[in-house]
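All remarks here apply to the structure that follows.
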Amino acid sequence: MNYWLMKSEPTTFSIEMLERSPNQTAPWDGVRNYQARNFMKQMQINDLAFFYHSSCKVPGIVGLMRVSKLAYPDFTALDPKNCHYDPKSTPEKPIWEMVDVQFVEKFSEITPLKILQLEIHLNDMPLVRKGNRLSIMPVSPLQWQTMMNLTERNK
DNA sequence: GCCAACGTTGGC
DNA sequence: GCCAACGTTGGC
């Protein structure tokens with residue numbers, strides 16, 4: 001099993017919205033970055049991922065989700081009316097993919113980026129590097145445990 | 001709202 | 001294939 005971290009702007013899609021979704025499951029659509037897409041293609045069913053809120057007052061980790069469907073074409077890229085529409089992507093040759101994720105847990109408190117930045121074991125994560133824009137990234141078992149310990153401390 | 005960082009685009 | 005211009009991300 002693999003671990004991941006996935007960013008979303010909470011005004012666009014928050015962990016609360018995921019929790020309220022039918023079957024607490026939703027597609028992770030709208031990714032338009034090749035590196036992030038390639039990570040989604042590597043995901044396996046039941047892989048766990050941190051849900052990260054970005055571009056908000058306190059950015060940080062807010063909960064857990066699991067991968068419930070393997071990568072498949074992102075329909076928002078094929079819909080001209082969608083804001084993520086990409087004319088280069090066609091039903092025959094879709095460029096962009098997404099996975100489905102299912103809500104697992106919302107932490108009692110956010111674990112802020114500021115706290116994550118202090119952890120030496122997380123120094124190598126793109127997440128804590130200045131100017132980082134990668135929205136989906138792998139998390140090593142050590143990094144996962146380090147971050148989980150921080151969320152435990154919040155309880 | 002600002003701006004640094006970085007990915008993408010397109011002219012050459 | 002280079003690289004300048006542009007657009008977007010995302011912390012602050």
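Note on naming: letters A, B, ... go to the chains in the order of the sequence lines (proteins, then strands), and numbering restarts at 1 for each one. Note that the structure is predicted; figures quoted are calculated from it, not measured.
Neither OP1 nor OP2 of C:dT9 sits under 4.0 Å from any side-chain N or O of A:Tyr52. Using a 4.0 Å cut-off, no side-chain N or O of A:Lys88 falls inside it from OP1 or OP2 of B:dT8. One finds no side-chain N or O of A:Lys7 lying less than 4.0 angstrom from the OP1 or OP2 phosphate oxygen of C:dT9.
Rounded to a whole Å, the CG atom of A:Leu134 is 11 Å from the P atom of B:dT8. Rounding to whole angstrom units, CG of residue A:Leu113 and C1' of C:dG10 are separated by 10 Å. If you measure from atom CG of A:Leu127 to atom C1' of B:dA5, you get 15 Å, rounded to the nearest angstrom. Residue A:Ile61 contributes atom CD1, which lies 12 Å from atom P of C:dG11 at whole-angstrom precision. In this structure, A:Glu9 atom CD and C:dG10 atom C1' are separated by 8 Å, rounded to whole Å. The nearest whole Å value for the distance from the CZ atom in A:Arg129 to the P atom in B:dA5 is 14 Å. Taking atom CG of A:Asp86 as the reference point, atom C1' of B:dT9 lies 13 Å away to the nearest angstrom. For the pair A:Met137 CE and B:dG7 P, the computed distance is 12 Å after rounding to whole Å.
Comparing C:dG10, C:dC12, B:dT8 by their closest approach to the side chain of A:Tyr34 singles out B:dT8. If you check C:dG10, B:dA4, B:dT8 against the side chain of A:Lys130, the one that comes closest is B:dA4. In the set B:dA4, C:dG11, B:dT8, the nucleotide with an atom closest to the side chain of A:Ser54 is C:dG11.
Applying the ring pair (Phe, Tyr, Trp, His ring centres under 6.0 Å) test to pairs two or more places apart or on separate chains, those with a residue in residues 53-83 of chain A are A:Phe51-A:His53.
With A:Thr12 contributing its side chain and A:Ser8 its backbone, the two residues share no donor-acceptor pair below 3.5 Å.
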Test side-chain hydrogen bond (donor to acceptor under 3.5 Å, both in side chains) on A:Asp86 and A:Trp96; report intermediate values, then the result. CA-CA 9 Å; A:Asp86 183 351; A:Trp96 303 111; 2.7 Å; yes

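Ring geometry for A:Tyr3 versus A:Trp144: interplanar angle under 30°, hence parallel rather than tilted (30 to 60°).
Dense packing is recorded around CG of A:Leu118, with more than 12 heavy atoms of other residues, nucleotides or ligands lying under 6.0 Å away.
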